[in-house]
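Everything below concerns the one structure shown next.
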Amino acid sequence: MSGTGNIVTRLPFPTAARRELGDEQLRRNLRKATHTIRDKRLRVVGEVPDWEPLRFAGAAIKDDVLARLPFLLEQFEAAATAAGATVHWARDAEEACAVVADLVRATGTAEVVKVKSMATQEIGLNEALAAVGINAVETDLAELIVQLADDTPSHILVPAIHYNRTQIRDIFARRMPGVDVDALTDDPPALAEAARRHLRARFLSTKVGISGANFAIADSGTLAVVESEGNGRMCLTLPETLISVVGIEKLLPTFRDLEVFLQLLPRSSTGERMNPYTSLWTGVTPGDGPQTVHIVLVDNGRTDTLADPVGRQALRCIRCSACLNVCPVYERVGGHAYGSVYPGPIGAILSPQMSGEGANRTLPYASTLCGACFDACPVRIDIPQVLVHLRQSGVDAARGRPSAERTAMRTMSFVMRDRRRYAAALRAARRGAAPLRMVAGRRGAIRHLPWPLSAWTSSRDAPLPAKQTFREWWTREHSS
Amino acid sequence: MRIALFVTCVNDLMFPDTGKAVVTVLERLGHEVEFPLDQTCCGQMHANSGYREEALPLVANFVKTFSEYDAIVAPSASCVAMVRESYPRLAPSAELSSVAGRTYELSEFLVDELGVTDVGARFPHTVTYHPTCHGLRMLRLGDRPRRLLEAVEGLTLTPLEGAEECCGFGGTFALKNPGVSGAMLADKCTAIRTTGAEFLAAADNSCLTHIGGGLSRGDAPVTPIHYAQILAAQ
Ligand code: SF4
């Protein structure tokens, strides 16, 4: 069953990218932010002597999870249930939202506090709750900024990465209820303090908390959230009811496996040696923390992704966002160009797989295959390999339909598989270019070419074929 | 040892001097180079754009053409990466893997197989080096090209800021996403201009064409050059 919700792109990537490229401020903000995290990450990764073995271990544990997912899910359900939690299953975004909305309604509350969670972003939970009259308050600072701005997140870890602090100050001044506008500066501590005041009242009065989970441990039924601010911990412990929305690939077989990921994740994501807050909870503890705990396990296209032997490695992803921070394409266009809650390199392979054939077709082409993402990925997802694989499936699926590109590729393949045809084509190209030499600028470069090569000359000159091909030279040299 | 030159289609048509440079360098080191005329294209553009079916005949032609050689040397990191990394995935077979294992990028062949870093070249100019993505991350060329360049008499190598960042070429990416590609190129050109070098060297003429196109658009006095041509200079 294909996934639904906020993973389906509305605009083709090149169109959306063009729109974002026009925003100079955005590009400056992104460059600064991604380079800062990138450098920090490199430093702390460099401190770990066994980083490469750790990456292999992380990949192996996740591959094991994917290989026996049904068994581990049942084990998790049994353990969580035994610990007092109620486990629900959802096939897609709509089903997941409906389950959560019903659970919240049953408590009689109209407001919930939320821990930052990709799964709830993916299923569009806030919008679904709003539709039934429930107000969901984001408590993660960056997520709160995006929510107040009526915007969508543009980065997995730093949803508001596309704003600088002056812009954030303006958003708070305009949209935060009860904020002291005159006292508010764009100093990060001042901004954090304003958010803290705004949220504290919510934490203490709200009866339902909603979270995701970074890891779900199969043998104990434990969920884990790692975070930097501590807001998550408030949401996880103060409300009476806790609802956790978890993708089915988040499993780890045993508690011991956490050891590997608690090293890989913080260093890859925030460049911290250890994340400041790690919360673990297993069902209900009488008299302490939430007394009603629900876990909603979401498929939403993951089973489909699992069915593809090459593409399934995308499900190893632990959402650290290291691949976004090193991606030169993401750095230029930001997260919104990808149209899905999963932007950047991982989004380019995950979104099309989760949403199924058809949608998101342009995303696998949103990469130069430079390979920086693969090197950065803590669980060794070979993103370039999957990109090419998805391009291939797209091309194969469209075999019946005529296209200029396919005709060109076919023709070239036909010409290039035979030495005589190939040599003749080179000769023809060389001769055909001869008149162009007259109009070429100095260095023999061409400034304007007709469509479709105008895409090239829009920002760079084009070279001309040489006066003599290499094989012509070789043949002449070696003919005597 | 029978050494074959795989010149690559781009070099054959656009940059024959790069192919000639490889011949010059290897002959100067006392090796004979053969150029099997049956060679055409490695199929990289087809395969990377998703046209597997169209790439396969080119893969077959490559294997047939080069199967009898001990070493296949090419002045293109991305084409060697295609042969070594992607061929075994496209069409796994023992013959294919064996040819893939005998295909070398020039610097690998010189440094690892022949054990040479000083190839007896002279090039009295300032040069900055851009390690192209496939050379950097697929072939892991490391500092091999730099070591070769540093041994060239008279050459001054200047550091390039953000050297490891992609120039935005990416084959059909430059045509499918011209805006993003252009933005990446602009940053790369700025970094190159700031070095003040006379030449920009790299191991891939396709990337050099892209960067060179951007530099010439901005009228920067930097000449793109394949590092093999520097090694051939005397
Ligand atoms: S693909 Fe790898 S690098 Fe990217 S977010 Fe997922 S785990 Fe992190």
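The figures here come from the full heavy-atom set of this structure, side chains too, leaving out hydrogens, waters and symmetry mates. Residue numbers begin at 1 in each chain, while the letters A, B, ... track the order of the sequences. Everything quoted here is computed from the prediction, not taken from an experiment.
Contact tally against chain B (heavy-atom pairs below 4.5 Å) for A:M412, A:R399, A:E472, A:Q468: the top residue is A:R399. Among the candidates B:N48, B:D17, B:N61, the residue making the largest number of heavy-atom pairs closer than 4.5 Å to chain A is B:N48. Each of A:S367, A:P364, A:A429 has some count of heavy-atom pairs under 4.5 Å with chain B, and the biggest count is that of A:S367. Residue with the most contacts toward chain A among B:D38, B:L37, B:L58: B:L37 (heavy-atom pairs, distance under 4.5 Å). Chain B forms more heavy-atom pairs under 4.5 Å with one residue of A:R419, A:E331, A:R18, A:R410 than with any other, namely A:R419. The candidate with the highest count of non-hydrogen atom pairs below 4.5 Å against chain B, out of A:L390, A:D418, A:T469, A:V415, is A:T469.
With a threshold of 4.5 angstrom between heavy atoms, B:C167 does not approach chain A through any atom at all. With a 4.5 Å cut-off on non-hydrogen atoms, B:E53 touches chain A through its backbone and its side chain both. Both the backbone and the side chain of B:S49 come within contact range of chain A, each with at least one heavy atom under 4.5 Å from a heavy atom of that chain. Residue B:L5 touches chain A through its side chain alone, counting heavy-atom pairs closer than 4.5 Å. When heavy atoms are compared at a cutoff of 4.5 Å, A:R471 approaches chain B by way of both its backbone and its side chain. Neither the backbone nor the side chain of A:H389 comes within less than 4.5 Å of any heavy atom in chain B. Using a 4.5 Å cut-off between heavy atoms, B:H134 contacts chain A through its side chain alone, with no backbone atom that close. Only the backbone of A:A366 comes within less than 4.5 Å of a heavy atom in chain B; its side chain stays farther off. In this structure, chain A has a heavy atom under 4.5 Å from the side chain of B:V7, while its backbone stays farther away. With a 4.5 angstrom heavy-atom cutoff, B:A47 touches chain A only via backbone atoms. For B:E54, the parts lying near chain A are the backbone and the side chain together; criterion is any non-hydrogen pair under 4.5 Å. The parts of B:M45 that come within reach of chain A are both its backbone and its side chain, each placing non-hydrogen atoms under 4.5 angstrom from that chain. With a threshold of 4.5 angstrom between heavy atoms, A:R38 approaches chain B through side-chain atoms but not through N, CA, C or O. For a residue to count as touching a neighbouring chain, one of its non-hydrogen atoms must lie under 4.5 Å from one of that chain's; by this rule B:L208 does not touch chain A. Within the 4.5 angstrom heavy-atom criterion, only side-chain atoms of A:R31, from C-beta onward, approach chain B. The parts of A:E405 that come within reach of chain B are both its backbone and its side chain, each placing non-hydrogen atoms under 4.5 angstrom from that chain. With a 4.5 Å cut-off on non-hydrogen atoms, B:V59 does not touch chain A at all. Heavy-atom distances place both the backbone and the side chain of A:L426 under 4.5 Å from chain B. For chain B, the nearby part of A:A17 is the side chain; its heavy atoms alone come within less than 4.5 Å. Both the backbone and the side chain of B:S181 come within contact range of chain A, with heavy atoms under 4.5 Å apart. Within the 4.5 angstrom heavy-atom criterion, atoms from both the backbone and the side chain of B:Q39 approach chain A. Using a 4.5 Å cut-off between heavy atoms, A:V329 contacts chain B through both its backbone and its side chain. Proximity to chain B (any heavy atom under 4.5 Å) is shown, for A:Q385, by both the backbone and the side chain. If you measure heavy-atom distances from A:R27 to chain B, the contacts under 4.5 Å come from the side chain alone. In this structure, the portions of B:L13 lying under 4.5 Å from any heavy atom of chain A include both its backbone and its side chain.
The two residues B:G179 and A:L21 come nearest to each other via the heavy atoms C-CD1, 3.3 Å. Considering all non-hydrogen atoms of both residues, A:P328 and B:M184 come closest at CB-CE, 3.4 Å.
Residues A:F414 and B:P57 form no side-chain contact, since every pair of their non-hydrogen atoms from C-beta on lies 4.5 Å or further apart. By the 4.5 Å heavy-atom criterion applied to side chains, B:V23 and A:W474 are counted as neighbours.
The main-chain N or O of A:C370 is found under 3.5 Å from a side-chain atom of B:R137 such that the two form a donor-acceptor pair. Side-chain atoms of B:N177 come within 3.5 Å of backbone atoms of A:Y365 as a donor-acceptor pair (strictly under, hydrogens ignored). Side-chain atoms of B:T40 come within 3.5 Å of backbone atoms of A:M416 as a donor-acceptor pair (strictly under, hydrogens ignored). Proximity of a side-chain donor or acceptor of A:R460 to a complementary backbone N or O of B:R217 within less than 3.5 Å is not detected.
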Is there a side-chain contact (heavy atoms from CB on, under 4.5 Å) between A:L464 and B:M14 once you walk through the steps? CA-CA 7 Å; A:L464 281 170; B:M14 315 286 287; 5.8 Å; no
So B:Y51 and A:Q392, side-chain hydrogen bond (donor to acceptor under 3.5 Å, both in side chains) or not? Walk me through it. CA-CA 6 Å; B:Y51 291 84; A:Q392 217 173 69; over 6 Å; no
What's the verdict on salt bridge (Lys or Arg N to Asp or Glu O under 4.0 Å) for A:D382 and B:R89, showing C-alpha distance, side-chain angles and the deciding distance? CA-CA 13 Å; A:D382 190 341; B:R89 268 181 202 157; 3.0 Å; yes
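With a 6.0 Å radius and a threshold of 12 heavy atoms from other residues, nucleotides or ligands, B:E27 has its CD atom above the threshold. In A:R401, the CZ atom is not crowded: 12 or fewer heavy atoms of neighbouring residues, nucleotides or ligands sit closer than 6.0 Å.
Under 4.0 Å is where a charged nitrogen must lie from a carboxylate oxygen, and between A:D396 and B:R52 no such pair does. Note on B:K20 versus A:E477: no salt bridge recorded, every NZ/NE/NH1/NH2 to OD/OE distance being 4.0 Å or above. At a threshold of 4.0 Å, the pair A:D375-B:R140 counts as salt-bridged, since one of the basic side-chain nitrogens sits closer than that to a carboxylate oxygen. Contact check on B:D12 versus A:R430 returns no salt bridge, with no Lys/Arg side-chain nitrogen under 4.0 Å from an Asp/Glu carboxylate oxygen.
Note: B:F35 and A:F470 meet the aromatic proximity criterion, with ring centroids under 6.0 Å apart.
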